[in-house]
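Working notes for the structure below.
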Protein chains: 2
Amino acid sequence: MELFAEDGFEATTVAAIAERAGVTERTFFRYFTDKREVLFAGEEEFEGVFVDAIAAAPEGTSLNGLLVAALDAGGRVLQDLRGRDFARARNDIITANEQLQERELLKLAKLSRAVTAALVARGAGQVPARLAGDLVVSVFGAAFARWVAPGETRDLVELQRDGLAAVSELTPVEAG
Amino acid sequence: MELFAEDGFEATTVAAIAERAGVTERTFFRYFTDKREVLFAGEEEFEGVFVDAIAAAPEGTSLNGLLVAALDAGGRVLQDLRGRDFARARNDIITANEQLQERELLKLAKLSRAVTAALVARGAGQVPARLAGDLVVSVFGAAFARWVAPGETRDLVELQRDGLAAVSELTPVEAG
DNA sequence: GCGCTGATGTCAGTCTCTGTCATCACCTGG
DNA sequence: CCAGGTGATGACAGAGACTGACATCAGCGC
């Protein structure tokens, strides 16, 4: 991340990263499938937080309640694990490069699919579960963007709640 | 697309594509920034359909109405331009390869941003517009997946309408 | 015919990523 | 204490995506 922040992602060669880490290029590729993957290590665990929160919710929880539970759990972990400053630094690197945005979108799409599967396991229908999975990711993404914006002081969890509330105002009774 | 369908995306070299097209590798890269980009040419125009539909809607149209207008227009174009069989063939290639999924997600993210901007231009707030932009893409994606599924006979537009209706049932009154 | 312009070819080179084999530390059983 | 197995690393060679620089050549206006 130091190198990426200094020279940019593309200008930083894998050889340079490996040297800084004190290993060879070959070893780098044994730990990371990809040059981009450096910035996305540990995404599966993050996914697990969302999924577990849905699975652990009390029986009879509404679909809406499951979404709130997943978002709260995910948001809290992200806040507490590394903090906002780290998130900002990482986010700056990613938003500066399309290749990295692609990879992030792929990870988010996987998160959406995981949430969808967890909702289906709780009895939701296929189509609504998929839409809800996308919704979770969308609300998370929008809240995250606000969270790392300069000057923002509110909690990520709070911003997510706010976003979710905005969604329910989006689609009034007369949809379709 | 012939080559991709035969040998798969990764196994197909740019040299092979160029040869089939009767040009050199260098010329290929003058027309496509990327090997993947071959499958995503003309995405800007598709984006334009959504944006134009929003801009062209009669004054006073509700936010919901704008989303319906955008989805209807986009769905219709996709159906009429190349047809379902072409969409299926292309979709098979993309779903078989993660690199291509990444690129598709990036294009969809751009579509979302474009829709967001169009909604903001119609007076929507920043946060709801972003969520609505994501929503449009989400509904489109879910409907498209159903549309290209084997055995499906319904219209893309119809499936989108159906998806949008499912969304409004997702978020009842007591959200947040 | 002259010179301009745009499209293409040629060539050399960088960088990412992969397969293969050698090396070396560490452990384990005899 | 040593033979042999195992896992991590290094060393190399090579394929393939992409880029920059320059050459070529057809078509066009003058």
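Predicted model, so just to flag it, every value in this text is computed and none were measured. So that the names make sense, note that chain A is the first sequence line, chain B the second, and so on, each numbered from 1. Values reported hereafter were calculated over all heavy atoms of this structure, with side chains retained and with hydrogens, waters and symmetry mates removed.
- Taken over five-pair windows at either terminus, the axes of the helix from C/dG1-D/dC30 to C/dG30-D/dC1 are inclined to one another by 0° (rounded to 10 degrees).
- In this structure A/Phe29 satisfies the ring pair (Phe, Tyr, Trp, His ring centres under 6.0 Å) test with no other residue, sequence neighbours excluded.
- To the nearest angstrom, P of C/dC17 lies 13 Å from NZ of B/Lys35.
- The neighbour count for A/Arg122 CZ, taken as heavy atoms of other residues, nucleotides or ligands under 6.0 Å away, is above 12.
- When B/Gln101, B/Lys107, B/Arg36, B/Gln99 are each tested for a side-chain hydrogen bond (donor to acceptor under 3.5 Å, both in side chains) with A/Glu102, only one passes: B/Arg36.
- Of the residues in residues 8-26 of chain B, those with a non-hydrogen atom less than 4.0 angstrom from any atom of DNA chain C are B/Val23, B/Thr24, B/Arg26.
- Within a 6.0 Å radius of CG in B/Asp80, other residues, nucleotides and ligands contribute more than 12 heavy atoms.
- Heavy-atom distances under 4.0 Å link DNA chain D to no residue of residues 92-105 of chain B.
- Among residues two or more places apart in sequence or in another chain, the side chain to side chain donor-acceptor pair (under 3.5 Å) test is passed with A/Asp34 by A/Arg103.
- With sequence neighbours excluded, no residue forms a ring pair (Phe, Tyr, Trp, His ring centres under 6.0 Å) with A/Phe40.
- For CD of A/Glu19, the number of neighbouring non-hydrogen atoms (other residues, nucleotides, ligands) closer than 6.0 Å is 12 at most.
- At least one side-chain nitrogen or oxygen of B/Tyr31 sits closer than 4.0 Å to the OP1 or OP2 atom of C/dT8.
- Here B/Phe46 pairs with B/Phe50, B/Phe140 under the ring pair (Phe, Tyr, Trp, His ring centres under 6.0 Å) rule; sequence neighbours left out.
- Judged as a ring-ring contact (aromatic ring centres under 6.0 Å, His included), not a single pair has a partner in residues 72-130 of chain B (not counting sequence neighbours).
- Taking the side chain to side chain donor-acceptor pair (under 3.5 Å) definition, one finds that B/Thr24 meets it with B/Thr27, sequence neighbours left out.
- By the salt bridge (Lys or Arg N to Asp or Glu O under 4.0 Å) test, B/Glu152 is found to be paired with B/Arg154, residues two or more places apart in sequence or in another chain being considered.
- Under the salt bridge (charged side-chain N to carboxylate O under 4.0 Å, His left out) criterion, the residue pairs touching residues 127-149 of chain B are B/Arg146-B/Asp162, with sequence neighbours excluded.
- Within a 6.0 Å radius of CD in B/Glu2, no more than 12 heavy atoms belonging to other residues, nucleotides or ligands are found.
- Once you apply a 4.0 Å limit to the heavy atoms of chain B, the touched nucleotides of DNA chain D run 5' to 3' over D/dA17 to D/dA21.
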